[in-house]
Amino acid sequence: MSQRIKIKALLESEQTDIEVLVKGWVRTFRNNQFIALNDGSTNSNLQVVVDFENTDPALLKRITTGAAISASGTLVASLGKGQKVDLKAKVIEVLGDCDPETYPIQPKKHSLEFLRENAHLRFRTNTFGAIFRVRNSLAFAIHQFFQERGFVYLHTPIITASDAEGAGETFHVTNFDLANPPKDENGEIDFKEDFFGRPTNLTVSGQLEGELGAMALSDIYTFGPTFRAENSNTTRHLAEFWMIEPEMAFYDLNDNMDLAEALLKYVIKYALEKNVEDIEFLTQRLLDEEKQKPQQARSEMTLIEKLQFCLNNDFERLTYTEAIAILKESTPNKKKKFQYPVEGWGTDLQSEHERYLVEKHFKKPVILTDYPKQIKAFYMRQNETDMNGNETVRAMDILFPGIGEIVGGSQREERLDKLEQRMDEMGIPKEELWWYLDTRRFGACPHAGFGLGFERLVLFVTGMGNIRDVIPFPRFPKNAEF
RNA sequence: UCCUGAGUAGCUCAGCCGGUUAGAGCAUCUGACUGUUAAUCAGAGGGUCGCUGGUUCGAGCCCAGCCUCAGGAGCCA
């Protein structure tokens with residue numbers, strides 16, 4: 001009985017009349033008698049019943065919302081309706097007091113905005129407990145998926161000298177005294193004097209290094225933080241986010257799409273099975289939230305139904321060119337409802353267009369392929385010019401309802417001459433990427449890969465609306481408090 | 001970065017056409033009750049009205065600038 005048992009295990013055991021010891025944090029203390037105790041192992045609380053008539057009133061006063069306590073006693077069938085079992089406490093000890101006057105988390109509904117400002121304490125709410133348990137499961141499932149398939153988990157560098165695809169502002173990494181950096185004869189900052197002897201930044205993607213690994217290990221994946229210094233203020237962007245980037249030798253674009261779709265289904269299924277209670281709770285949370293909205297704005301499916309739908313249906317695959325044709329003929333386009341009317345071939349799709357395709361037209365995840373080459377990165381494999389003279393690349397984006405782009409990938413350009421030509425056209429410095437080009441010089445082969453935004457996945461599976469609520473300590477413009 | 005909206009008690013909000021002592025619910029505290037489930041009932045405390053400046057006899061309310069937050073857009077994952 002001296003061994004502490006987690007509440008999840010206790011509630012699952014369905015045993016009664018056993019002596020147990022539990023430890024956790026008080027959610028509410030009702031009637032001077034009933035403690036709702038949570039230890040984070042599950043969404044459910046354990047009801048601890050206090051014999052208040054035989055308990056020191058000074059101790060009762062210290063049982064407040066947020067206090068850490070240990071309780072031991074007998075697990076018995078509950079007399080109440082809300083739960084199957086109670087812990088009839090014999091001994092209660094307050095391990096850490098919690099002053100209710102100053103403790104920010106009150107036993108009442110809080111807005112997500114308020115909890116975001118109290119990110120250090122929001123783990124103690126049902127919603128965030130559920131979110132971070134689901135996040136954990138998804139992370140584990142991703143590793144399991146790749147490990148089962150013989151992929152090598154490759155750690156690509158956090159500090160790099162390149163900014164991968166010229167995509168996005170980078171965070172600079174320097175050891176200089178910013179008030180007084182060394183200057184060269186031209187008055188420019190002299191990075192030769194800096195720690196790495198050159199300008200460096202936090203990585204925006206591990207892809208290029210990932211390709212190097214794939215050119216020997218065959219199948220690799222990365223799973224780590226990436227950084228973008230974009231001044232993005234949206235519900236879908238973070239300055240620091242986690243990305244999964246598999247890279248596979250001898251894969252073409254179809255293999256790539258198959259893998260991405262299998263991965264997404266695998267990890268969603270895993271979370272659905274592993275986090276039943278959490279996802280049920282989040283489903284209910286979403287239903288309650290949507291009750292505030294007008295009928296029209298409510299979703300047709302509940303969260304669980306949405307996730308199951310995603311598992312049971314093939315993602316719709318079509319080319320950019322086909323998508324443009326659908327959009328051109330779409331009702332909103334003809335009625336001029338789009339803010340950006342769809343006219344010609346060659347421009348990038350706006351979020352309203354992606355949303356139309358995913359949420360209105362196909363009503364399921366969509367994989368768009370073969371984008372115009374001028375709107376995509378230099379390393380994507382070039383297609384033959386088609387009969388209309390359109391130049392495309394072997395790119396694919398997976399679009400999810402409510403999220404937009406969750407995966408972006410491509411078959412890579414393995415032909416050195418084509419790659420160099422494209423780099424010249426786009427002004428990518430070949431000298432700096434000599435090591436990348438070496439893979440095309442020595443034993444090049446067809447290969448492909450993609451990037452999956454981890455927080456966007458968590459967003460989808462939890463049904464949350466803001467990406468800042470699915471990462472423990474979000475980094476975004478003007479905020480790095482915790 | 002752009003557009004729109006917001007910032008008033010610990011939290012969520014109300015506050016009329018600029019007018020005298022700024023309100024409610026929840027939370028908290030005190031008491032009652034004691035098998036409760038967001039417990040209930042009674043009472044109490046709690047405010048630099050985001051910041052700076054301006055207009056006015058008088059500003060929570062009007063004006064300007066700034067800060068922060070939310071939603072949307074762009075960029076993207």
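It should be emphasised that the depicted structure is a prediction, and the values quoted were computed from it without experimental measurement. Every chain is numbered from 1 and lettered A, B, ... according to where its sequence line falls, protein lines coming before strand lines.
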query = Within a strict 4.5 Å, meaning less than it, do heavy atoms of the A:V461 and A:I279 side chains meet?
reply = yes
query = Of A:F460, A:F362, A:F309, which meets ring-ring contact (aromatic ring centres under 6.0 Å, His included) against A:F400?
reply = A:F460
key: Stepwise ring-ring contact (aromatic ring centres under 6.0 Å, His included) check, A:F34 with A:F52   = CA-CA 9 Å; A:F34 303 102; A:F52 70 98; 9.1 Å; no
inquiry  = What is the separation between atom CD on A:E117 and atom P on B:C69, rounded to the nearest whole Å?
reply    = 8 Å
ask   = Between A:I375 (CD1) and B:C75 (P), how many Å, whole number?
value = 10 Å
note = Atom NZ of A:K478 and atom C1' of B:G50 are separated, to the nearest Å, by 17 Å
ask   = Can a donor-acceptor pair be found between the side chains of A:E280 and A:Q284 at a distance below 3.5 Å?
value = no
query = For B:C75, does either OP1 or OP2 sit under 4.0 Å from a side-chain N or O belonging to A:S232?
reply = no
5'-to-3' dot-bracket of RNA chain B (Watson-Crick, G-U; under 3.5 angstrom; crossing pairs as [ ]; | other strand) = (((((((..((((.....[...)))).(((((.......))))).....(((((..]....))))))))))))....
query = Expressed as a whole number of Å, how far does the C1' atom of B:U37 sit from that of B:U48?
reply = 41 Å
Close N or O pairs between protein and nucleotides 31-36 of chain B (under 3.5 Å):
| from | atom 1 | to | atom 2 | distance (Å) |
| --- | --- | --- | --- | --- |
| B:U34 | O2 | A:N31 | O | 2.7 |
| B:U34 | O2 | A:N31 | OD1 | 3.0 |
| B:G35 | O6 | A:K88 | NZ | 2.8 |
| B:G35 | N1 | A:D86 | OD2 | 3.4 |
| B:G35 | N2 | A:S78 | OG | 3.4 |
| B:G35 | N2 | A:L79 | N | 3.4 |
| B:G35 | N2 | A:G80 | N | 3.3 |
| B:G35 | N2 | A:D86 | OD2 | 2.6 |
| B:U36 | O4' | A:N31 | ND2 | 3.3 |
| B:U36 | O2 | A:R30 | NE | 2.9 |
| B:U36 | O2 | A:R30 | NH2 | 3.3 |
| B:U36 | N3 | A:Q47 | OE1 | 3.1 |
| B:U36 | N3 | A:Q47 | NE2 | 3.0 |
| B:U36 | O4 | A:Q47 | NE2 | 2.6 |
| B:U36 | O4 | A:Q83 | NE2 | 3.1 |

inquiry  = Between A:Y379 and A:Q207, is there a side-chain donor-acceptor contact under 3.5 Å, judged purely by atom types and distance?
reply    = yes
inquiry  = Looking only at side-chain N and O atoms, does A:W345 offer a donor or acceptor that is under 3.5 Å from a partner on A:T321?
reply    = yes
ask   = In whole Å, what separates the C1' atom of B:A6 from that of B:C41?
value = 37 Å
query = Do the charged groups of A:E14 and A:K84 touch, with an N to O distance under 4.0 Å?
reply = yes
ask   = Between atom CD1 in A:I398 and atom P in B:C76, what is the gap in whole Å?
value = 18 Å
message = For a quick check under 3.5 Å, do A:N254 and A:N256 share a side-chain donor-acceptor pair by atom type?
response = no
key: Length of the line joining A:L238:CG and B:C75:P, which is rounded to integer Å   = 18 Å
message = Check this for me: does any side-chain nitrogen of one of A:D469 and A:R116 sit under 4.0 Å from a carboxylate oxygen of the other?
response = yes
note = With syn defined as a glycosidic angle within 90 degrees of 0 and anti as anything else, the base of B:C66 is anti
task = Could you tell me whether the side chains of A:D51 and A:N54 share a donor-acceptor contact shorter than 3.5 Å?
result = yes
key: C1'-based separation of B:C16 from B:A73 [nearest Å]   = 35 Å
query = For A:R116 and B:A70, is the shortest distance between a side-chain N/O and OP1 or OP2 below 4.0 Å?
reply = yes
request  = Let me know, please, whether A:F241 or A:P477 comes out on the 5' side of the other along RNA chain B by nearest nucleotide.
outcome  = A:P477
ask   = Roughly how many Å is it from CZ in A:F29 to P in B:U28, rounded to a whole number?
value = 13 Å
Salt bridge flag under 4.0 Å for residues A:K363 and A:E359 = no
ask   = Going by heavy atoms in the side chains, are A:I158 and A:P225 under 4.5 Å from each other?
value = yes
message = Distance check, C1' atoms only: B:G15 and B:A9, in whole angstrom units.
response = 14 Å
key: Polar pair under 3.5 Å, donor/acceptor by atom type, side chain A:H110, base B:C11   = no
key: Short side-chain N/O contact to B:C69 OP1/OP2 from A:R468, under 4.0 Å   = no
request  = Considering just the side-chain nitrogens and oxygens of A:N466, establish if one lies under 4.0 Å of OP1 or OP2 belonging to B:G71.
outcome  = yes
request  = Using a 4.0 Å heavy-atom cut-off across all strands, classify A:R27 as base, sugar-phosphate, or nothing.
outcome  = nothing
request  = Quick one: label A:I406 by what it contacts on the DNA or RNA (base, sugar-phosphate, nothing), any heavy atom closer than 4.0 Å.
outcome  = sugar-phosphate
key: Short N-O contact, A:D258 and A:R317, less than 4.0 angstrom   = yes
inquiry  = Please give the distance between the C1' atoms of B:A14 and B:C76 as a whole number of Å.
reply    = 41 Å
ask   = Which value, in whole Å, describes the distance between the C1' atoms of nucleotides B:U20 and B:C51?
value = 26 Å
task = Give a yes or no on whether the backbone of A:P341 and the side-chain of A:N333 come within a donor-acceptor separation of less than 3.5 Å.
result = no
query = Without hydrogens or angle criteria, can the side chains of A:S72 and A:E19 be said to hold a donor-acceptor pair below 3.5 Å?
reply = no
ask   = Looking at A:K109 and A:D288, does any basic side-chain N land under 4.0 Å from a carboxylate oxygen?
value = no
message = Using the P atom as the point on both nucleotides, what is the distance between B:G58 and B:U1, in whole Å?
response = 37 Å
Face-on cation placement of A:K337 at A:Y356 ring, 6.0 Å and 45° thresholds = no
Nearest-angstrom distance from the residue atom CG of A:D469 to P of B:G71 = 8 Å
message = Say we look at B:U56 and B:C61: how far apart would their C1' atoms be, to the nearest angstrom?
response = 13 Å
task = Using salt bridge (charged side-chain N to carboxylate O under 4.0 Å, His left out) as the criterion, point out the one residue from A:K376, A:R422, A:K373 that pairs with A:E391.
result = A:K373
request  = Residues of residues 448-461 of chain A with any non-hydrogen atom less than 4.0 angstrom from an atom of RNA chain B: list those, numerically ordered, please.
outcome  = A:G451, A:G453, A:R456
message = Whole angstroms only, please: what is the CD1-C1' distance between A:I471 and B:A77?
response = 12 Å
query = Less than 4.0 Å between a side-chain N and a carboxylate O, is that true for A:R381 and A:D370?
reply = no
ask   = Cation-pi between A:R228 and A:F241: NZ/CZ under 6.0 Å from ring centre and within 45° of the ring axis?
value = no
Check nucleotides 3-6 of chain B for protein N or O atoms closer than 3.5 Å to its own N or O atoms and list the pairs.
none

Geometric cation-pi criterion, A:R149 with A:Y266: 6.0 Å, 45° = yes
key: Proximity to RNA chain B (any heavy atom under 4.0 Å), residues of residues 335-354 of chain A only   = A:Y340, A:Q350, A:S351
inquiry  = Does A:P104 reach a base, just sugar-phosphate, or nothing at all? Heavy atoms under 4.0 Å.
reply    = nothing
Distances under 3.5 Å between nitrogen or oxygen atoms of protein and nucleotides 43-45 of chain B:
none

